[in-house]
Amino acid sequence: MELAKFRQRGPFEWVMPATGRMRVPGVIYASRDLIEAMDEKVAEQVANVASLPGIVGASYAMPDAHWGYGFPIGGVAAFDADEGGVVSAGGVGFDISCGVRTLHTGLKLADVEAAKARLADVLYARIPAGIGSTGALRLSAAGLDAMLHGGARWAVKEGYGSEADLARIEESGCVAGADPSAVSDMAKKRQRDEMGTLGSGNHYLEVQVVEAVFDTAIAQAYGLAVGDVVVSIHCGSRGLGHQIGTDYLREMVIAAPAGIALPDRELACAPLKSKLGQRYLGAMRAGINCALANRQILTHLARAAFADVFPRVRLPLLYDVSHNTCKEEMHRVGEERRRLFVHRKGATRAFGPGHAELPREFREAGQPVLIGGSMGTASWILAGAAGTEERAFGSACHGAGRAMSRHEALRRWHGRNVVDELAARGILIRSPSFRGVAEEAPLAYKDVGAVVEAAEQAGLAVKVARLKPLVCVKG
DNA sequence: ATGTTC
């Protein structure tokens with residue numbers, strides 16, 4: 001994009017002064033190379049978000065930002081309900097609470113290399129993957145509502161995992177204020193058979209090895225060392241979250257003319273202090289709990305698969321992060337602490353050292369920030385940096401971000417070839433869809449290393465460890 | 001991301 005409209009506040013911070021209908025400045029955290037490569041639409045969307053009522057501080061974009069629906073993916077924006085602030089379905093995204101969790105295995109690379117193909121087959125047999133995939137669970141109406149209220153806490157009560165897992169999930173695995181009655185029957189119907197499924201697109205379950213450690217002290221606090229094998233699960237709220245997004249986007253577009261003048265109808269939103277805004281928050285929180293429960297059940301399935309191959313191995317949870325949320329949080333703004341509704345769309349919460357929400361054992365290190373790479377490339381574990389609350393309300397990047405469209409990727413690659421090439425490099429892919437594999441080819445994504453480097457240089461997060469994939473179950 | 005195009 002054109003850089004003339006920005007004023008640089010440091011080598012990795014680009015400020016767009018508030019002009020026209022913008023109420024606050026826009027801020028993009030990126031290297032010169034990354035921001036130059038971003039679509040002009042990202043700046044336009046950052047500016048559009050800055051024009052929404054009740055926005056506080058600035059409209060932010062992370063180093064992996066790209067063009068999204070209304071809000072950029074990689075966008076962060078906080079709103080104050082007392083100042084006419086809004087909540088936006090497009091500002092959360094369709095895959096509500098899509099996120100990543102990483103599990104320790106206690107195994108070393110050599111242990112897994114010896115059994116890699118069998119492990120890949122067992123995981124693929126146990127983990128339902130692909131569009132429209134269904135799980136073993138069939139939820140009744142009452143069971144579904146209990147899940148939407150209870151999130152991962154509900155899943156643990158149902159026998160999926162342990163109480164210890166909950167301490168390693170944002171909000172202890174269950175976000176308050178979920179309102180299942182605000183979720184449509186259609187959304188619930190779509191989810192009835194989809195609990196414990198991976199879904200498709202960029203969702204995956206990966207077995208990974210810690211390839212490099214960049215901060216020994218934090219790595220130690222997280223229980224990570226070079227050669228350790230971990231499991232990462234990337235997925236979200238499946239059909240339910242998508243249907244909630246669709247339902248409320250429609251309602252917010254219809255309601256908009258009565259209230260807010262929008263620069264782009266994709267920014268459809270509702271005042272936080274409106275019935276529609278409150279209903280969406282209740283439904284969106286139910287969607288978050290659905291994603292947390294889904295990742296918890298998938299964790300249970302991964303544990304069962306590992307037990308088939310390594311009978312005495314346990315898979316304790318390192319941490320679980322969500323990427324597509326609107327969360328009510330306290331933040332310092334100037335001299336005061338204010339209750340804000342922070343939209344993170346394709347952005348990870350990244351609380352720095354000392355934050356009261358963090359588990360005690362991570363309090364000093366800062367929050368684990370789990371960055372999913374593209375299939376066949378590195379993933380990263382970062383830590384929330386000191387001062388990140390002042391930079392982007394305690395947020396950081398979430399992944400590599402696409403470099404080309406799915407259509408373009410399909411034109412360039414065949415899934416079979418991608419699988420073979422990765423196998424030659426020791427990375428085993430198991431997927432129901434060669435088409436999906438082609439769409440997710442490693443080169444269809446930006447360089448996640450450059451994104452992570454920019455996040456660190458911008459002071460959002462600290463590099464802790466780089467992970468290399470060994471096995472990937474792909475939706 | 002998504003019962004892969006309301």
Side-chain angles (χ1 to χ4, degrees), chain A residues 64-75 88-100 128-135 138-139 144 183-205 233-254 265-266 268 283-284 286-288 290-292 294-295 298 321-326 343-348 372 374-375 398-402 404-411 415 431-441 444-445 473-475:
Chain A
D64 50 339
H66 52 286
W67 183 14
Y69 186 94
F71 285 51
I73 296 159
S88 167
V92 170
F94 280 87
D95 190 3
I96 295 168
S97 196
C98 175
V100 178
I131 192 144
S133 51
T134 56
R138 297 286 174 271
L139 286 180
L144 211 133
V183 177
S184 68
D185 289 342
M186 178 63 83
K188 290 176 182 175
K189 183 172 167 235
R190 284 180 65 174
Q191 197 58 29
R192 230 168 25 199
D193 304 339
E194 288 197 346
M195 294 308 294
T197 66
L198 210 47
S200 68
N202 65 355
H203 289 170
Y204 58 77
L205 180 148
I233 300 170
H234 176 204
C235 68
S237 51
R238 306 287 284 108
L240 181 123
H242 191 268
Q243 190 64 45
I244 291 171
T246 305
D247 292 342
Y248 279 92
L249 214 50
R250 187 183 301 134
E251 273 204 69
M252 286 176 179
V253 167
I254 292 166
R265 62 179 254 137
E266 290 186 1
M284 187 266 312
I288 292 179
C290 174
L292 297 179
N294 192 31
R295 289 198 285 275
L298 284 164
V321 298
S322 293
H323 293 150
N324 290 354
T325 57
C326 175
H343 293 65
R344 296 188 182 88
K345 179 185 185 182
T348 309
S374 53
M375 179 182 61
H398 86 306
R402 291 199 77 91
M404 72 179 65
S405 68
R406 292 181 180 280
H407 186 81
E408 175 66 12
L410 282 177
R411 211 180 55 77
S431 173
S433 164
F434 279 126
R435 176 192 169 129
V437 168
E439 288 179 353
E440 297 293 321
Y445 281 81
V473 177
K474 188 88 197 154

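What you see is a predicted model; the values in this text were computed from it and never measured. Atom set for the values below is all heavy atoms of this structure, side chains included, hydrogens, waters and symmetry mates excluded. Below, chain A is the first sequence line, B the second, and so on; all start at residue 1.
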Tell me what [X] touches on the nucleic acid: a base, only sugar-phosphate, or nothing, going by heavy atoms under 4.0 Å.
{"X": "A:Ser200", "value": "base"}
{"X": "A:Gln191", "value": "nothing"}
{"X": "A:Gly236", "value": "nothing"}
{"X": "A:Gly245", "value": "nothing"}

Using whole Å, what does the distance between atom [atom2] of nucleotide [N] and atom [atom1] of [X] come to?
{"X": "A:Leu249", "N": "B:dT2", "atom1": "CG", "atom2": "P", "answer": "17 Å"}
{"X": "A:His203", "N": "B:dT2", "atom1": "NE2", "atom2": "C1'", "answer": "10 Å"}
{"X": "A:Tyr69", "N": "B:dT2", "atom1": "OH", "atom2": "P", "answer": "18 Å"}
{"X": "A:Glu251", "N": "B:dC6", "atom1": "CD", "atom2": "C1'", "answer": "17 Å"}
{"X": "A:Lys189", "N": "B:dT2", "atom1": "NZ", "atom2": "P", "answer": "18 Å"}
{"X": "A:Asp193", "N": "B:dT2", "atom1": "CG", "atom2": "P", "answer": "15 Å"}
{"X": "A:Met186", "N": "B:dC6", "atom1": "CE", "atom2": "C1'", "answer": "12 Å"}
{"X": "A:Gln243", "N": "B:dT2", "atom1": "CD", "atom2": "P", "answer": "13 Å"}

- Message: So that I can tick it off, tell me whether A:Glu440 and A:Arg402 are bridged by a salt bridge, with the cut-off set at under 4.0 angstrom between side-chain N and carboxylate O.
- Response: yes

- Message: Return whichever of A:Arg250 or A:Glu440 has its heavy-atom-nearest nucleotide of DNA chain B closer to the 5' end.
- Response: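 First, find each residue's nearest nucleotide; the 5'-ward one identifies A:Glu440.
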
- Query: Is there side-chain contact between A:Thr246 and A:Arg250, with heavy atoms separated by less than 4.5 Å?
  - Reply: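 Heavy-atom side-chain distance check passes, below 4.5 Å.
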
- Item | N or O in side chain of A:Arg435 less than 4.0 angstrom from B:dT4 OP1/OP2 | no

- Would you please name every residue forming a side chain to side chain contact (heavy atoms under 4.5 Å, CB included) with A:Arg411, sequence neighbours left out?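 Side chain to side chain contact (heavy atoms under 4.5 Å, CB included) check on A:Arg411 returns A:Glu408.
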
- All ring pair (Phe, Tyr, Trp, His ring centres under 6.0 Å) counterparts of A:His343, not counting sequence neighbours: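 Partners of A:His343 by the ring pair (Phe, Tyr, Trp, His ring centres under 6.0 Å) criterion, ordered by chain and then number, come out as A:Phe71, A:Phe79.
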
- Under 3.5 Å side-chain donor-acceptor pair for A:Ser322 and A:Arg295: yes

